[in-house]
Structures are given as C-alpha cells and as structure tokens.
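Each remark here refers to the structure printed beneath this line.
When reading the values below, keep in mind they use all heavy atoms of this one structure, side chains included, and skip hydrogens, waters and symmetry mates. Lettering of chains follows the sequences in order, A, B, ..., and the numbering in each one begins at 1. Remember, predicted model here, so these are calculated numbers, not experimental data.
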Protein chains: 2
Amino acid sequence: MDKPYSPFAADDRRPAAILIDAVERLGGSMRFSRDEEIYAQEEDADRLYRVVSGVVRTSRFSADGRRQIGSFYYAGDLFGFEVGSRHVFAAEALTDCEVRVARRGAIALAAGTDKIDEAILGATQMEMERLQAHVVLLCRRSAKERVGAFLAAHARNDPSAETELPMSRQDMADYLGLSMETVSRMLTRLQDEAIVDFGSTRRFQVRRWPALAAMAA
Amino acid sequence: MDKPYSPFAADDRRPAAILIDAVERLGGSMRFSRDEEIYAQEEDADRLYRVVSGVVRTSRFSADGRRQIGSFYYAGDLFGFEVGSRHVFAAEALTDCEVRVARRGAIALAAGTDKIDEAILGATQMEMERLQAHVVLLCRRSAKERVGAFLAAHARNDPSAETELPMSRQDMADYLGLSMETVSRMLTRLQDEAIVDFGSTRRFQVRRWPALAAMAA
DNA sequence: CGGTTAATTGAACGCATTCAACACGAGTGG
DNA sequence: CCACTCGTGTTGAATGCGTTCAATTAACCG
C-alpha cells in the first residue's frame, strides 16, 4: 500500500488502516471527470470512498447561494464518512480522478461491525481534529496567515520541492473564508516577502520555510 | 431520564442514549465551582462526562494567547469525547456545576467495546455536524447574523419564554470569532430592530422569532 | 454604600470586500 | 502565425464592517 499523501490529514493515520484495506479489497472502482459530482448534498451516506488518483473537493451551498468548501482529498485519502446518515457536504471531482467505493454494509460484513465502527470512529476523529483546527484558523487568523497556512499544509510533505495547487483561487477562497481577490493579494504579498515563489499560477516553491511554517501553527 | 436540553446539539440525540445511560449508572459525581477546570488542554481523554447541572465551556488557547471557545454544554449533554486520545480543548465550569464522570474502560466493560464505539461514533458525528455548521457560520456570515444565530440557538427550545445566557459577552465573542464590543453592538442593534428584547444583560425575550430564526439558517 | 468587574458606547483606524479594469494563458479558427 | 475569445487570475480604488483603544455606564458583591 502506498503511503497516502494529504495536506490536511492529521499525522497519525493508523486507525484508518483497516478501512483503507477494506475499501481496497471490497470496493469497486469509479472514474469521474473534472467537476463531476460524486455524491450530492443531503444524499444518503452509506458508502465509503478512497481517492486513487486525482483530487476531490467537498462543498456545500447555503440557502443564499454562498459556497463553503469542506475539504480537499488527495490520493490515498478516505472520504464520505464526515457525518451521520446523510451527507452535509457534496463531493465533486476537482480534477479527473479515480475513486474506490465500498458500501458500509459490505465492509461491516467482512470486517465485523465492531471493527468498522472502531475504524470509522478513528477516521472521524481525525477529520474532527482538522475541523477544529479549521475553526481556529477561521476565527482567529488574518487573511495572510490563512493563506500562508494553506500553502504550508500543501508544501509540508516536501518543502524543498515545487508544490502544485490543483484548485482555483476561488476554491481556496471558499475554503479559507476569504474573497478570491484577497487570496490573490496575499499570495503576491507572500511572494514579495520572499516567503514563497510562484513559478506559474498554480505552482510554487517555498523560499523561507520557517516563516511559512510559523503561519500554520 | 429527563430530556436533555442543549442549544447546540443536533435534533436527533438517539445514538447517545446508551452512553448517557452508562455514564449515569457507572459514573461518579463531581462538583466544580465557577471557572474551575474540569480537564486540561492536552490531557488524556479517557473519560466521558455528562452535565447534571450548570454549564460547561470548552476552550483552547493558541500559542499567541488568543482564545477559542469550542462549545457550551448544558444539563444532559455529554462531553469530553470531542477528539482522539488527548483533549484538544480544555473544559471549565462556566457556572457552578455537577458532572457525572465515567472511565471509557468501565463503560466498555459494561456495555461491550462494540456498543460503546458505536455510541461514541454517533455522538462524535453529532458533534461534527455542529462543528461543520460552525465553520459555515464563521466563514460566511456577518457579525449580526452570527450573534442572531447564537441567540436563536439558545431560544429555540421555547422561543416564547425568556431565555437566559449563562456566559459573558467575551465568551460569546470567543465562540463566534468576534470582539466583545462587536457582540455588544450587534445585541443592541437586534434590540433596536425589535427582534429581541433584553430585560437584563443576560436575559432576553424573542420579539420576532421569524426574523431571528432566519439568521440561524 | 463603595469597590470591582462586566457591558455599553464613541471615535478612529485598518483589514478585507466589492466593483471594475486589466493581464495572462489556453484553445480556436481565420 | 496572429487575432479572438473565454476562463482565470491580478491589480486598483473606494467602501464598509469589525477592531482597537478609550471613556462611560450598569450590574454585582462585599
């Protein structure tokens, strides 16, 4: 099993091992093209998903049309268990992607109900940790810090390499609770301060990791 | 068992029934006076708690000293299971209160590991729903809407009765991601618009429920 | 009562938004 | 190969919302 990479996951991913395994063995493979819906807001949440390749985005529209991005999921990540019996967020393919899907019932049969509950609990708690960190980020941090933290999360696996951002500025904005323009401004500012260096609009290189990492804390 | 009241809980609290029961039967009773710590940030999370009387607040200090309030828990609410093995938030008595406490291990022995995992999973998912709603609130809503939603959540059980707010303006501010002054200003504004009516600083009556409820959506 | 903390109000500031114009890149067709 | 277009991203200027700092008032508790 290849080591999963996710900028948003907590470091310890052990509890999910059994789920990853089960989805891998019992799941069917599906392909989605860019912007295609994987599941809808309010849809029954009786499946577990794992990204094989590409990137998935979860989002939610409020009554007034404002969009909130829940998270981004990368190759190796599990998703679709964020909440109770119905999905609060919809999931869409951010890029063309391949996803493995397994019914919860099938996993429970194969692994035992207690095992799956324990594993889902572990995975859910990791997700919750991320959410709590996100609340703090949104509540207590400036636009520059939010954007910096976002870049740091994406670069953290290999800060010396060039990092690709698969999502649009609008996606970043809707995740960070900012306007697209502010995201753009903060990016140029981080660039002006020689903290990062954007080769193209969606590729960047970290110049001063300590300064960037400090924003993620 | 009296019906639990919590302004922040999701409507369906069924999954937690077994936990409530277990904590009730196996737990010991503890009393805390105002502002006393129930458990600390980073402390081991091997216990489950249930509020018998009074109000509990969970909070977290970041490195730079800024405080974030996680949630408030009222009589009947379970808390202490927000996340993995260590508490991310600390818990304090907001008012003098009585709390029942049980070790997870004891509950598992009595109810079976699978049962407790299932129940904790259900409770965790409810907590996550609240967190997701909170993220949307913080990301996408104005100060007035946030304060309105907060009041609506507290008044929703009995919108025609007078509602008491047990927490300070600063607590509200740290929960809503606003400054204390802004909270105060928005409250007077809601009062000026005849949406609510404050008899004293911590007691209010809803005047126009539809207008207030609209902010909670 | 006086002393203390909590809450409100005012004024000035600053950060992020909004609206608008412009730049850039990829793809298309002449 | 260049002109054109469309989507995406950047930049500028003006506005406004929420913060900050400071002063005042209200509630609480001895």
Quick one, Glu162(A) with Arg202(A), criterion salt bridge (Lys or Arg N to Asp or Glu O under 4.0 Å). Give me CA distance, side-chain angles, the key distance, then yes/no. CA-CA 10 Å; Glu162(A) 202 177 33; Arg202(A) 296 196 182 182; over 6 Å; no
Students often mix this up, so state it plainly: with edges at 30° and 60°, are the rings of Phe8(B) and His154(B) parallel, tilted or perpendicular? perpendicular
base_contact_polar (dT20(D) base, Arg185(B) side chain, donor-acceptor, <3.5 Å): yes
With a 3.5 Å cut-off and sequence neighbours excluded, list the donor-acceptor pairs that the side chains of residues 190-198 of chain B form with protein atoms.
| residue | atom | partner | partner atom | Å |
| --- | --- | --- | --- | --- |
| Gln191(B) | OE1 | Phe198(B) | N | 2.7 |
| Glu193(B) | OE1 | Lys144(B) | NZ | 3.1 |
| Glu193(B) | OE2 | Lys144(B) | NZ | 3.3 |
| Asp197(B) | OD2 | Arg207(B) | NH2 | 3.4 |

If you look at every strand shown and take non-hydrogen atoms under 4.0 Å, does Leu187(A) touch a base, only sugar-phosphate, or nothing? nothing
At a heavy-atom distance below 4.0 Å, what parts of residues 188-206 of chain A sit against DNA chain D? Thr188(A), Thr201(A), Arg202(A)
Check each residue of residues 134-155 of chain A for a non-hydrogen atom within less than 4.0 Å of any atom in DNA chain C, then write out the ones that pass by number, or none. Ser142(A), Ala143(A)
Length of the CG-C1' vector between Leu176(A) and dC15(C), whole Å: 16 Å
Between atom CG in Leu178(A) and atom C1' in dG9(D), what is the gap in whole Å? 16 Å
Rounded to whole Å, how long is the line connecting atom CE of Met186(A) with atom P of dG14(C)? 15 Å
Provide the full list of side chain to side chain donor-acceptor pair (under 3.5 Å) pairs with a residue in residues 89-98 of chain A, sequence neighbours left out, each pair given once. Ser29(A)-Glu98(A), Arg31(A)-Glu98(A), Arg57(A)-Glu92(A), Ser59(A)-Glu92(A)
Atom-pair distance (CE on Met167(A); C1' on dG9(D)), nearest Å: 15 Å
Any pair counted as ring-ring contact (aromatic ring centres under 6.0 Å, His included), so long as it reaches residues 127-148 of chain B, sequence neighbours left out: His134(B)-Tyr175(B)
Less than 6.0 angstrom separating the ring centers of Tyr49(B) and Tyr73(B), yes or no? no
Gap between atoms CE and P, on Met172(A) and dT8(D) respectively (whole Å): 15 Å
Have Asp35(B) and Ser33(B) got a donor and an acceptor in their side chains that come within less than 3.5 Å? no
Value in whole Å for how far the C1' atom of dC24(C) lies from CE of Met180(A): 13 Å
Base, sugar-phosphate or nothing for Thr182(A)? Non-hydrogen atoms, less than 4.0 Å. base
Trace of the side chain to side chain contact (heavy atoms under 4.5 Å, CB included) decision for Met167(B) with Phe72(B): CA-CA 9 Å; Met167(B) 73 291 292; Phe72(B) 301 98; 4.0 Å; yes
To the nearest angstrom, how far is Arg169(A) atom CZ from dT10(D) atom C1'? 9 Å
Look at Ser184(B) and dT8(C) and indicate whether a side-chain polar atom (N or O) is within less than 4.0 Å of OP1 or OP2. yes
Would you tabulate the side-chain donor-acceptor contacts of residues 179-186 of chain A under 3.5 Å, counting partners in other chains and residues two or more places apart, or write 'none'?
| residue | atom | partner | partner atom | Å |
| --- | --- | --- | --- | --- |
| Ser179(A) | OG | Thr182(A) | N | 3.2 |
| Ser179(A) | OG | Thr182(A) | OG1 | 3.0 |

To the nearest Å, give me how far apart CD (Glu181(A)) and P (dG12(D)) are. 14 Å
